Engineer: 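Structure provided below as structure tokens; questions to follow.
Just so it is clear: chains get the letters A, B, ... in the order the sequence lines come, proteins before strands, and each one is counted from 1. Any value given below was found using the heavy atoms of this structure, including those in side chains, with hydrogens, waters and symmetry copies removed. Because the structure is a prediction, the values reported are computed rather than measured.
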2 protein chains.
Amino acid sequence: MKHQEAIIAELLTTAFQDETLRNAYYEAVQQKQFKKGDILLQQGQVCRYSYSILSGVVRGYYIKDGRDITTSFNFADDMVMSLESATRQTPSPETFEVLEDTLVEEISVEKLMVLRERFPVLEKIWTLSAESYAIWLEERLASLQFATAKERYEQLLARYPEIVRKVQLSHIASYLGITLETLSRIRAKG
Amino acid sequence: MKHQEAIIAELLTTAFQDETLRNAYYEAVQQKQFKKGDILLQQGQVCRYSYSILSGVVRGYYIKDGRDITTSFNFADDMVMSLESATRQTPSPETFEVLEDTLVEEISVEKLMVLRERFPVLEKIWTLSAESYAIWLEERLASLQFATAKERYEQLLARYPEIVRKVQLSHIASYLGITLETLSRIRAKG
DNA sequence: GCCGGCATTTGACATATATCAAATAATTAT
DNA sequence: ATAATTATTTGATATATGTCAAATGCCGGC
């Protein structure tokens with residue numbers, strides 16, 4: 001679940017000026033360091049934790065017919081969890097895997113829900129995040145629906161220039177819905 | 001913005017047992033009959049109304065490079081609005097067009113926000129709807145990312161069997177991200 | 001009931017992308 | 001450092017889907 005929105009960041013800053021909230025949050029949260037290859041959530045398991053990335057990169061993907069299909073790349077300030085699995089407590093459709101050493105704040109979904117109920121501003125932030133995530137998905141969908149492979153790659157680069165340095169091509173390719181070879185050729189031509 | 005979720009329907013039923021809420025809602029809302037070809041919201045304009053479909057069909061689409069690209073089909077109980085435009089008051093990326101005589105309840109985005117603030121249960125329903133919409137988009141994205149045209153068509157049919165009777169092929173085709181001719185051939189072969 | 005305009009199907013051909021295979025290049029482990 | 005492993009590039013060919021064009025089918029208005 002990705003969002004990154006100025007207004008959300010702002011609200012968070014404001015919210016954290018409240019000491020009661022801040023204390024409750026840091027009591028619920030646990031800082032954790034993961035390393036390359038670690039799995040935050042496994043496809044098929046119920047999502048019990050949400051991770052807020054402080055630094056590092058996390059990839060979301062699922063395996064379908066033996067193929068590894070990337071659904072998202074997540075960086076600092078992104079919230080990593082399966083929205084579907086966390087809200088419905090159903091098996092997660094996706095796996096989240098750490099791509100490089102990554103520092104996160106971990107919170108259990110249960111405690112997250114309690115905090116949301118207790119602090120309306122957090123509930124507000126949650127709602128805005130869900131909206132923002134939906135809008136992000138809409139954009140991604142439009143890109144996938146009618147842009148060519150080359151256009152999709154350029155759109156991705158424009159939005160996340162750092163991605164190419166950090167993530168291997170096969171993951172970027174499946175994220176774009178193309179094969180690794182096609183992506184390599186697109187890059188070669190420019 | 002689509003959702004259709006059992007839990008949301010249930011919450012709505014419960015919420016409407018509250019007479020105060022019911023009265024406030026029906027004061028804010030206006031029943032309207034639209035006919036084939038009517039436009040509920042035009043791409044480029046700010047979304048000022050939300051429509052709850054009582055009966056009929058509404059198509060969402062956008063024009064890009066002269067092409068007409070369908071983003072959604074909306075039926076009874078769906079909520080029609082541009083989430084992005086309504087929440088941010090920015091120009092709508094999509095147009096909503098009535099495909100057959102359609103009865104709706106219209107409410108201004110402004111009044112909707114007021115109702116959300118006044119009745120926490122409506123705020124709750126809004127949040128669940130946004131989550132549900134995001135999850136629906138995730139599924140659609142996965143379908144577009146790696147299924148073949150034929151598979152995508154079959155998935156659509158499985159989910160909305162009535163669609164083929166009500167909507168012309170060119171719209172279904174662009175919804176699936178393929179051309180009308182390709183869709184016609186898929187149907188011919190079965 | 002007939003005409004005119006859309007919607008759909010069908011055909012021939014073009015193109016983007018996939019697949020399979022091999023050759024380099026870059027990382028990682030020893 | 002060197003070998004081993006993994007990632008990327010490149011090539012030849014196959015395939016799905018797009019494009020353009022024509023034929024057929026369908027429906028609403030006169």
Engineer: Between Leu180(A) and Ile178(B), which residue's closest nucleotide on DNA chain D lies nearer the 5′ terminus?
Structural biologist: Leu180(A)
Engineer: Nearest of dT17(D), dA7(D), dT10(D) to any side-chain atom of Ala149(B)?
Structural biologist: dT17(D)
Engineer: From the list dT19(C), dT19(D), dT8(D), which nucleotide is the closest neighbour of the side chain of Gln168(A)?
Structural biologist: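 Minimum distance to the Gln168(A) side chain belongs to dT8(D).
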Engineer: Between atom CG in Leu176(B) and atom C1' in dA16(D), what is the gap in whole Å?
Structural biologist: 15 Å
Engineer: Is there a donor in the side chain of Glu131(A) and an acceptor in the side chain of Trp126(B), or the other way round, less than 3.5 Å apart?
Structural biologist: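 Side-chain D/A pair, Glu131(A) to Trp126(B): present.
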Engineer: How many Å lie between NZ on Lys36(A) and P on dT5(D), as a whole number?
Structural biologist: 17 Å
Engineer: OP1 or OP2 of dT9(D) versus the side-chain N and O atoms of Arg187(A): is any pair under 4.0 Å?
Structural biologist: yes
Engineer: Could you walk me through whether Leu156(A) and Tyr175(A) pass side chain to side chain contact (heavy atoms under 4.5 Å, CB included), step by step?
Structural biologist: CA-CA 10 Å; Leu156(A) 180 69; Tyr175(A) 181 79; 3.5 Å; yes
Engineer: Could you tell me the separation between the OH atom of Tyr153(B) and the C1' atom of dT8(C), rounded to a whole number of Å?
Structural biologist: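 Going from OH in Tyr153(B) over to C1' in dT8(C) covers 12 Å.
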Engineer: Between Thr182(B) and dT17(D), is there a contact of a side-chain N or O with OP1 or OP2 at under 4.0 Å?
Structural biologist: no
Engineer: Can you tell me how far P of dG18(D) sits from NZ of Lys150(B), to the nearest Å?
Structural biologist: 16 Å
Engineer: From the list dA7(D), dT19(D), dT19(C), which nucleotide is the closest neighbour of the side chain of Arg185(A)?
Structural biologist: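 The nucleotide sitting nearest to the side chain is dT19(C).
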Engineer: If you apply the rule side chain to side chain contact (heavy atoms under 4.5 Å, CB included), what do you find for Arg67(A) with Ser174(A), and how did you get there?
Structural biologist: CA-CA 9 Å; Arg67(A) 285 145 78 102; Ser174(A) 75; over 6 Å; no
Engineer: Could you give the CG-to-C1' distance, from Leu183(A) to dT17(C), as a whole number of Å?
Structural biologist: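 After rounding, the gap between these two atoms is 12 Å.
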Engineer: Please pick, from dT19(D), dC20(C), dT8(C), the nucleotide with the shortest atom-to-atom distance to any side-chain atom of Leu169(B).
Structural biologist: dT8(C)
Engineer: Can you check the Leu99(B) CG to dA7(C) P distance for me, whole Å?
Structural biologist: 12 Å
Engineer: Side chains of Ser72(A) and Arg59(A): donor-acceptor distance under 3.5 Å anywhere?
Structural biologist: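 Arg59(A) and Ser72(A) do not have a side-chain donor-acceptor pair below 3.5 Å.
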Engineer: For Leu144(B) and dT17(C), give me the distance from atom CG to atom P, rounded to whole Å.
Structural biologist: 14 Å
Engineer: What I want to check is whether an N or O donor and acceptor connect the side chain of Glu181(A) with the base of dC20(C) at under 3.5 Å.
Structural biologist: yes
Engineer: Working note: Tyr49(A) + Met81(A), criterion side chain to side chain contact (heavy atoms under 4.5 Å, CB included); need CA distance, chi angles, decisive distance, verdict.
Structural biologist: CA-CA 7 Å; Tyr49(A) 296 94; Met81(A) 90 177 102; over 6 Å; no
Engineer: To the nearest angstrom, how far is Asp68(B) atom CG from dC6(C) atom P?
Structural biologist: 15 Å
